[in-house]
Amino acid sequence: MKSNMAHSISIQSRFRGCLLGLAVGDGLGGRFEGMDRHWIAKRYRTPQQLIENPPTTTLSYTDDTQMMIGVAEALYEDKEIIEKTLCQKFVVNYVPSRGYGRGARRVIEAMEDNKDYHAVACSYFPGGSYGNGAAMRVAPVGLFFLNNLESVSSQAYLSALPTHTHQQGIEGAQILAVAIAIACSMNEWNKSLFYDKLIPHCQSPEFNKQIEKARRITCVEDLIMLGNAITAIESVPTAIASFSLNPHSFTKAVGHVILIGGDTDTIAAMTGALSGAFLGIDAIPQNLLKSIENEGKGRDYIDGLAKNLADMYQST
Ligand SMILES: [Mg+2]
């Protein structure tokens, strides 16, 4: 897709592209979670090979998409992040076998049992979790508040709090949400503008340094320098960099982060959300879109949520 075509992409297409792009990245990346990049590279030499020959006919999503659905549902209900509603959604949707980390399971089970989940979160992760669990689910916040980046950041903060109290865990969610909002509102790709708008939302010197590094990367071979781990600081900048290196190709943006291994489901989910928000639903390869699981809260349900959020965004 050429950059001058982007202006014709509707808000609805971008919201759908973002949430379904996240599910596609999560489902495809989930098949490679924790694998070594050299092992993956032996099987798939290019993103195109990976996307055209996925290792599965059904893309089952993991905790990333399941928790994103909760954030979208909570936003649709309240038009803002209200912690009580958000926790209720996390509990109702919770299927532990979706790949939740041990800490996240304890926190959600404490919500379920009406226990002090904040205390559980703090005791399980001394100082709070600095993982990417808040960033992986934040996409609907970036979409719904896209016309006010300050609101995106403050609402992303609220959406992180039930499970994340460490500055880096929260900041990762805020930066990703702001990046999604910028991508969703850009008509033509402009890398300088994208980073000029994003960087002021970095609060810590650590994130500032990593996002500046993401901006300077000029080839996909260097993506691994930003990390492929479960920490927010070693995954959010990687997703942002892969998107900004491949702004016109969902296949390349998402494929390249899977090829570097590590926390592939979450990094591909975040990248898919960014790419879908900029390029819209039609940029997601049809074979992948069709293969997202569709029972219960599957593809059609996520699509419906995206459409509802877009309608609500446009009417307020
Ligand atoms: Mg996951």
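When a ligand or atom number is given, it counts from 1 through the structure's own listing order. Heads up: numbering here begins at 1 and tracks the sequence.
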**Request:** Kindly confirm whether the Mg ion (ligand 1) is within less than 2.8 Å of some N/O/S atom in D63?
**Result:** yes
**Asked** Within the stated cut-off of 2.8 Å, is an N/O/S atom of D265 closer than that to the Mg ion (ligand 1)?
**Response** yes
**Atom NZ of K191: over 12 foreign heavy atoms under 6.0 Å** = yes
**Request:** Run the salt-bridge test on K209 and E206 with the 4.0 Å N-O cut-off and return the result as yes or no.
**Result:** no
**Item:** Donor-acceptor contact below 3.5 Å, side chain S291 vs main chain T58
**Value:** no
**Prompt:** Is any side-chain heavy atom of P55 closer than 4.5 Å to a side-chain heavy atom of L28?
**Reply:** yes
**Request:** Could you tell me whether any N, O or S atom belonging to T62 is less than 2.8 Å from the Mg ion (ligand 1)?
**Result:** yes
**Request:** Measure from the Mg ion (ligand 1) to every N/O/S atom of D64 and report the name of the nearest one.
**Result:** OD1
